[in-house]
Each structure stands twice: as structure tokens, then as C-alpha cells.
K.L.:
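Sharing a structure below in C-alpha cells format, with a few things to ask.
All of these numbers come straight from a predicted model, not from anything done at the bench.
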Amino acid sequence: HIIVFDGGKVVEEGRHEELVAKKGKYYALQHLQLQTEEKEKKAQEESEKKGTVHTEQPTQSSTTKVDQDYQVSVKVDNGSSAPKKVTQPEALAQQASSTNVIYRLMAYSKADVPLIIVGTFAALVHGMVQPMIAPILANVLTVLAFPQAPDFSKKSGLYSGLFLVLAFVAFLSYSIQQALFNIVAERLSRKVRAEVFRKYVRMPIGWFDEPLHAPGALGSKLSTDATLLNTLTSSVFGVYTQGLSSAITGLVISFIGNWKIALIGIGISPFQIISGKIRASVAQRLTKSTDDAFQESIVFASEAVNNMRTVASFAREDKLFDNYVKKLDGPLEASLREAHKSGAAYSAGQFINFGVNGLMFYISAVFMKNDGLGFKDMMMAVMGIMMGCMAIGNALQFAPDVGSAKSAAINVFHILDTKPAIDIDDVNQTVRNPIKGDIEFRNVWFKYPSREKQIFKGLNLKLKASQKVAFVGPSGCGKST
């Protein structure tokens, strides 16, 4: 049974002999095909007589004439039109708080809770190592100030040995932390990738025609977003735990050294934290702006690769490359704008850090002169606060990764929470009767969401169960759809 399409409608149907006898659209298509085959056959015979091989030269025109009613055209974007912005809705970023995102991610790792607990304990121990340098260093400097003391060799050897103990504890705790968090992260990303891909294969066809759901963009979510979630679990969570442990330990050591300097350090340390936060915020904004800008070029490159045969047929590779380069201009401009801000924020942060350190030592010198503060206690108080602030600063360096991972998690959960228009897993679906297999399209109008052309215009079609059907028609008439 042959069904002939034209203009989004069924214009003829029947068996081959019947349609040829009608001399309608089917006859015209078949007649054109036979003429083409006859021309090719004659050209081949002439070439064989002359002892040459006939080769068709590619046409330079982007439109191939078929007959009076049919033509196939390929439109190549010249890049001059305004780029279509391909970004997630802004409201998407507000759908989930950081706490909800973390809780939902941790739900994927319920089986790995023992590993998370042990890894967190190792991170806490590792975070205590850096501030513990303060009392040891203070004692070492005090010992080195009096090389003629009778116990000089004994004490210098003791404190040197304590440094070695700290190195061993740092090596062991960090190894355990990284190993366990990496295991949890790999299992999490594997589960997330599997869930997202399972969602892909259950989405309706129209969903994939949206620009945001192009093959390149969807593939990027499987690779890039899952990797960001991996980084959140394997690196960032451990570093934040270390930072908290280091801050508390450094604060305790500082109070043991001198409570006045400790209070002053607490008062001015927010400047260092704020500077780190500003740097992280600028870096996160840079990452987000470039990701959004590159999304369009990713979609364009994916479509170009998928349709490379068509591009090569019309020898438009150079034009395609020029268009792709134009689409990279936006990300370049965004990067240049944000790079200056990022550089200024980083230099300001360095100025604040060194300024705070200088102020701390100046205040300590005043206390040593006027209040009789000892050198060892001063070093413990100052170094304790400094080590705690350094740990917090190191943790804040990963804030852009946290922001990127949160955005990735929101994107992933947005896909997972999207309810398909046709959900085969919905327990409340209305189709309950056994399906015989007959198919009927009744007055169907259809066009793809991202295209203006109307594919079907009142399509009416009946297919019987077990019936072999052939769709016939010119290119673009809706056969594949």
C-alpha cells in the first residue's frame, strides 16, 4: 500500500499499478526518476564507448530543480542574523536552594554514608594540621633565638620531630579523605548520568527539537554537569570541612596565645573573608556568562557535524567555519569584560590580605612593647588567626566550583523533574484497553517548535494492523515526521 504526501497532506494512496494509471503526483515522481535513471544509463554507455569514466560535477547552486511543483533547497546561514539566545530560564536558578540541592544529591549516596562519615572525620583531622603549625613554629623560633641554651639540641630535635609527625598525619588523613570522597563522587556521577540518560530516552520527540535540547547540549549535560557534581563531592565538600576545622582550631590556639590579639584578629578577619568571597563571586559570574555564551556555539557545532554530508554536498565548509567563528565572538567579548573585573578583584584581595597581616604584626609589636607580651605567645596568637584565615581563603577559592556545581545540579534536576507529555511510566495513564494495532491520523496539524514551516496541514491517514505501507513524496513533504 503506497501513500503519497504533498504539502503536508495525503494526496494519493493505493497500489503501484493503480497510482501509475491515475497519472497524478506518484506518476510524476516515478516518471522523473525513470528519466534520471535513463540519462545516467546513457551517459554511462557513452563514457564506456569513449573509454572514459563519467563523473558528475557538483552543482554550485543551493537549489536543485525537480519538476514544476517540487524543489529541494538548502539554506546556509550567513551569520548576519541576530543570534538566538539559548539559555535556561532565569527562574530556573531560583527553583532550589543550596540546602535542597545538597540534600537531594546526598539522597543518591545513602549507601555510601559510612564512607562519607569516615571521609569527613579525615577532613576534620587534616584541617587541624595547618593551625597546629602555629604553636610548633612559635616554640621553634623561641629555641632558635637562644642557641647557647643547654637544652638547645634537645628542644630543636623535639620540635623538628613534631613537624615530621604533622607531615605524617597530613599525608594519612588527606589520603583517606580523597580516596573515600572520590569513591562517593564517582558512584554519584554514575547514578546521575544513568538517571538523566534514562530520562532522555523517555522524552517525546518534540522535546528534542527545542534549541536547549540539541544533541550537543544534552551530551554536555551528561559529561560536564555530571563532572561538576563529581567535583562538588570529591573536592569541594572536603575542602569546606577542612576550612571549618582549621578556623576553629586556629581560633583556639590564638586565644591560648593572647586573648586580646585573638579578639582583634576576629574583628579584622572578615575583611579577608569578604575579599575571598568577592573574588569567588566574580569568578563564578565569569564562568556562568561564558557557559551561556558558548551554549549557542555548541548547538551550532553539533548541528553542523550532524549535517556534514549536506554541507559537503554544496561545498560550504568555509562558510560554515566563518559562521562558527562569528558565534565565538560573543563568548570572547564576555570573557574580556569579566577578565578585567576578575583581575581587579584578585589584586584587591591580595592587597587586603597583606594589609591585614601587616596590621596584625604591628598591633602585636605594640602589645609586646607596652603590655610585656612574650614573643612565643605573640607568634601563637598571630599565626593561629592567620592559619585559620588562610584555610578559609583556600576554601573560598572553591566557591566558583560550588556555584557551578549547584547550577549543574539544578539543570540536572530540572530535566529529571520534567514530566513528559507522553509518559509511558505513569501509573495513572488512561490507556487501559488492549491495542489492536490500527493507526489513524485525523485532521492532524503539526510543526516543530523551533521551525516556522507547517509540516502537516490537516493530515488524514489510516493504517491497518500488519499492513506494509510505503510513504512516497518529495523532500520536505513530511515522510520522516
K.L.:
Check the pair Trp445, Ile455 against side-chain contact (heavy atoms from CB on, under 4.5 Å), reporting the backbone distance first and the verdict last.
P.N.:
CA-CA 8 Å; Trp445 291 73; Ile455 305 298; over 6 Å; no
K.L.:
Would you find more than 12 non-hydrogen atoms of other residues, nucleotides or ligands less than 6.0 Å from Tyr174 atom OH?
P.N.:
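12 or below, so no.
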K.L.:
For Lys479, give me all partners under side-chain hydrogen bond (donor to acceptor under 3.5 Å, both in side chains), at least two apart in sequence or on another chain.
P.N.:
none
K.L.:
Residues in side-chain hydrogen bond (donor to acceptor under 3.5 Å, both in side chains) with Lys155, at least two apart?
P.N.:
Asp151
K.L.:
Compile the donor-acceptor pairs under 3.5 Å between side chains in residues 251-261 and protein atoms, sequence neighbours left out, one pair per line.
P.N.:
from	atom 1	to	atom 2	distance (Å)
Ser254	OG	Ala381	O	2.9
Asn258	OD1	Lys260	N	3.1
Asn258	OD1	Ile261	N	3.0
Lys260	NZ	Asp371	OD2	3.3

K.L.:
Taking CZ in Phe163 as the centre, count heavy atoms belonging to other residues, nucleotides or ligands within less than 6.0 Å. Is the count above 12?
P.N.:
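Correct, the count exceeds 12.
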K.L.:
State, to 0.1 Å, how close Phe446 and Thr481 come at their nearest heavy-atom pair, and which atoms those are.
P.N.:
CE2-CG2, 3.6 Å
K.L.:
For the CZ atom on Phe121, are there more than 12 heavy atoms of other groups (residues, nucleotides or ligands in this structure) within a distance under 6.0 Å?
P.N.:
no
K.L.:
Excluding sequence neighbours, so at least two apart, what forms side-chain contact (heavy atoms from CB on, under 4.5 Å) with Lys154?
P.N.:
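Partners of Lys154 under the side-chain contact (heavy atoms from CB on, under 4.5 Å) test: none.
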K.L.:
Side-chain contact test, heavy atoms from C-beta onward, threshold under 4.5 Å: evaluate it for Asp112 versus Ile183 and give yes or no.
P.N.:
no
K.L.:
Taking only residues two or more places apart in sequence or in another chain, which ones pass ring pair (Phe, Tyr, Trp, His ring centres under 6.0 Å) with Phe471?
P.N.:
Phe5
K.L.:
Without swapping roles, check the side chain of Ser246 against the backbone of Gly127 for a donor-acceptor pair under 3.5 Å.
P.N.:
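Flag set: sc Ser246 to bb Gly127 pair under 3.5 Å.
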K.L.:
Answer yes or no: is there a side-chain heavy-atom contact under 4.5 Å between Met360 and Ile268?
P.N.:
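Of all side-chain heavy-atom pairs linking Ile268 with Met360, at least one is under 4.5 Å.
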K.L.:
Can you tell me if CZ on Phe375 sees more than 12 non-hydrogen neighbours from other groups inside 6.0 Å?
P.N.:
yes
K.L.:
What verdict does the side-chain contact (heavy atoms from CB on, under 4.5 Å) test give for Leu115 and Arg187, after you've listed the backbone C-alpha separation in whole Å, the side-chain angles of each residue and the deciding distance to 0.1 Å?
P.N.:
CA-CA 12 Å; Leu115 299 180; Arg187 291 177 178 175; 3.8 Å; yes
K.L.:
Does atom CZ (Phe146) have a neighbourhood of more than 12 heavy atoms from anything else shown, all under 6.0 Å?
P.N.:
no
K.L.:
Is a donor on one side and an acceptor on the other found under 3.5 Å between the side chain of Lys199 and the backbone of Val412?
P.N.:
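The answer is no, because no donor-acceptor pair under 3.5 Å joins these two groups.
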K.L.:
Mind checking whether Tyr200 and Phe208 have parallel, tilted or perpendicular rings, split at 30° and 60°?
P.N.:
perpendicular
K.L.:
I would like to know whether Leu124 and Met128 meet side-chain contact (heavy atoms from CB on, under 4.5 Å); could you show each step before the answer?
P.N.:
CA-CA 7 Å; Leu124 291 172; Met128 297 171 62; 5.6 Å; no
K.L.:
Using every non-hydrogen atom in the two residues, find where Ser109 and Val184 come nearest and quote the distance to one decimal.
P.N.:
OG-CG1, 3.9 Å
K.L.:
Under the side-chain contact (heavy atoms from CB on, under 4.5 Å) test, which residues partner Val169, sequence neighbours left out?
P.N.:
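Partners of Val169 by the side-chain contact (heavy atoms from CB on, under 4.5 Å) criterion, ordered by chain and then number, come out as Val125, Val129, Val165.
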K.L.:
Can any side-chain N or O of Thr120 pair as donor or acceptor with the backbone N or O of Ile116 at less than 3.5 Å?
P.N.:
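Yes.
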K.L.:
Considering all heavy atoms of both residues, which atom of Met380 and which atom of Pro135 are nearest to each other, and what is their separation?
P.N.:
CG-CA, 3.8 Å
K.L.:
Contact between Pro204 and Trp207 at the side-chain level, heavy atoms closer than 4.5 Å - yes or no?
P.N.:
yes
K.L.:
Lys110 and Ala107: which non-hydrogen atoms are nearest, and at how many Å?
P.N.:
CG-O, 3.4 Å
